[in-house]
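Quick one: the structure is below, questions incoming.
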Amino acid sequence: MNVRGNLMPELNIIVQKYGGTSVGTPDRIKAVAERIKTYTAGGHSVVVVVSAMGKTTDELIALAAQITKKPSSRELDMLLSTGEQVSISLLAMALHEIGIDAISYTGSQIKMITDGNFSKAKIESIETDRIMKSLTEKRVVIVAGFQGIDTEENITTLGRGGSDTSAVALAAVLGTRDCEIYTDVNGVFTADPRIISSTSKLKEISYDEMLELARLGAAVLHSRSVEFAKKYNIRLHVRSSFNYEEGTIVMPKEEMMEKFVISGVTAKRDEAKITIWDIPDQPGIAARLFSIMGQNKLYVNMIVQSTGKDNKASISFTVLKSDLDKAMGLCEDLNNELGGTAVEAKKDIAIVSAVGVGMLSSYGVAGRIFKVFSDRKINIEMISTSEIGISCVIDEKHADLALKVLHKEFIEAEQQ
Ligand code: ASP
Ligand code: MG
């Protein structure tokens, strides 16, 4: 994406994105218009990105499913892009009603050019001329999120939740550092409030923590939007459109005031574990196994191999539960061929993770986590670590307890 820096600082541009629930009803759209008015009154030029109203995108997918099990990907994107077209025009009307000049644009009208991968297109460039012209005419610019066009002018979509990415990309090409993401929660929390009542809202979080949390099951933002924000140094303010409270700022870790050892805990419950016991401990076996997984488009997450003994080794790894049967079939074939003892599947697992940039500069975090688990007799079946995260596969029945104890021992104790 071609980014030329702040185009016109005097315009004081702010980019705001409103998600589906924030524009879910006509009253909500009117409330969003009133909020935008406070920004124009405060001297901002506002660029607004909106998602489709409420559950519109789901409904459109269900509609297509009534026609065909296998919709053409081009036509599905054509269909899904209509949701955002409804909300941008209604929001423009709501602004007109309260005396604010506003104009809505589809992705194609502002030349949001993407590659040609329908349903998961990547933004390649955005033309700013039309937007800048409207802003200099003192209009609020409203852009349909989640959609673009490829170089042949086919309508594309960016993947579910992709409006976040549209907003951040716009902030980048317009050269503004601030992008507000309005949603129905007050920000990014230390844990899922449905499981942990004492969860608290983070004031700040780094890009890497957000990406790690998303990878490990706690997706607040479209991951690509965070990658863009990181690349173009944009501060994302995740906040609620239902009140005026400050939310959470997603920012470079260097600018953070406080760095917690653990800033969030999360559990991922959509994966299952496969173990292949006692296969030959020799070069090429793991390569074989995981090439087979890859060729069959099976997503593999954690991998653990036991140390070889008597020329035998065992390998455990996790795949999506929805892929388990397919993966098991392939593993059994390979196991028969290699003369391993058995292939075992375990569905009732959870991957419980702790994420925090503070881990980069602390010792003994892993030991403390394992101690917390062992004190509660929670058995750890697999472990994996990254620079700022530690994940443990445990029995699913202990997942909530594991989250609670981690939250208590690290977050409640350290963030107070
Ligand atoms: N409307 C799209 C969806 O529901 C895009 C978005 O909400 O960001 O996935
Ligand atoms: Mg949505």
Side-chain angles (χ1 to χ4, degrees), residues 15-26 28-29 31-32 47-65 71 73-92 104-110 112 114-115 117-123 126 141-150 154-172 179-185 187-188 210-211 213-214 217-229 234 236-242 247 250 270:
V15 176
Q16 302 184 327
K17 178 257 172 175
Y18 293 91
T21 35
S22 296
V23 292
T25 61
R28 290 298 315 151
I29 292 177
V32 165
V47 175
V48 190
V49 173
V50 269
S51 293
M53 292 173 71
K55 300 250 168 285
T56 305
T57 311
D58 294 327
E59 287 158 17
L60 291 169
I61 291 172
L63 196 57
S73 51
R74 179 187 186 278
E75 301 312 328
L76 191 60
D77 276 10
M78 178 72 99
L79 176 69
L80 297 192
S81 71
T82 62
E84 272 71 13
Q85 203 167 326
V86 171
S87 45
I88 53 169
S89 50
L90 292 175
L91 180 57
S104 66
Y105 291 121
T106 62
S108 85
Q109 286 173 323
I110 56 156
M112 168 97 59
T114 70
D115 63 21
N117 288 314
F118 296 111
S119 87
K120 46 180 175 307
K122 290 197 170 137
I123 300 173
I126 307 173
V141 169
I142 306 165
V143 176
F146 172 60
Q147 57 175 266
I149 46 167
D150 68 11
N154 297 298
I155 293 179
T156 55
T157 66
L158 311 179
R160 297 302 309 270
S163 302
D164 295 339
T165 300
S166 313
V168 179
L170 276 166
C179 182
E180 292 185 319
I181 307 279
Y182 284 98
T183 168
D184 51 1
V185 290
V188 181
M210 279 303 276
L211 289 168
L213 284 169
V220 182
L221 296 171
H222 197 231
S223 284
R224 203 153 166 74
S225 72
V226 183
E227 288 165 10
F228 264 149
I234 288 160
L236 298 179
H237 188 172
V238 181
R239 61 195 302 192
S240 170
S241 67
F242 292 77
V250 190
D270 59 349

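Starting from 1, each residue takes its place in the sequence as its number. Just follow the structure's listing: the first ligand is 1, and inside any ligand the first atom is 1.
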For this session: Indicate yes or no: does an N/O atom of Gly159 lie under 3.5 Å from an N/O atom of ligand 1?
Result: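 Among all N and O atoms of Gly159, none is under 3.5 Å from an N or O of ligand 1.
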
Any heavy atom of Glu84 under 4.0 Å from ligand 1? The part involved is side chain

(Q) Run the salt bridge (charged side-chain N to carboxylate O under 4.0 Å, His left out) test against Asp184 and tell me which residues pass, sequence neighbours left out. (A)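 Salt bridge (charged side-chain N to carboxylate O under 4.0 Å, His left out) list for Asp184, sorted by chain: empty.
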
| request: Side-chain contact test, heavy atoms from C-beta onward, threshold under 4.5 Å: evaluate it for Arg28 versus Met53 and give yes or no. | output: no

Suppose I only count heavy atoms of Phe146 and a 4.0 Å limit; which atoms of ligand 1 are within that range?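 Near Phe146, meaning under 4.0 Å from one of its heavy atoms, ligand 1 has 2 (C), 5 (C).
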
Practice prompt. Answer yes or no: is there a side-chain heavy-atom contact under 4.5 Å between Leu221 and Met210?
Written response: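 Yes. Closest side-chain heavy atoms under 4.5 Å.
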
Quiz prompt | Within-cut-off N or O pair, Asp164 and ligand 1, under 3.5 Å | solution = no

Quick check: Ser163 and ligand 1, any N/O pair under 3.5 Å apart? yes

Any Gly162 heavy atom less than 4.0 Å from ligand 1
yes

Review point. Between Thr157 and Asp77, does any side-chain donor sit less than 3.5 Å from a side-chain acceptor?
Key: yes

Ligand 1 to Gly161, heavy atom cutoff 4.0 Å, flagged ligand atoms 3 (C), 5 (C), 6 (C), 8 (O), 9 (O)

Checklist entry - Is it true that Gly19 lies under 4.0 Å from ligand 1, counting heavy atoms only? => result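 Under 4.0 Å: no for Gly19.
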
Numbered in order shown, the ligand 1 atoms found under 4.0 Å of a heavy atom of Arg160 are 3 (C), 4 (O), 9 (O)

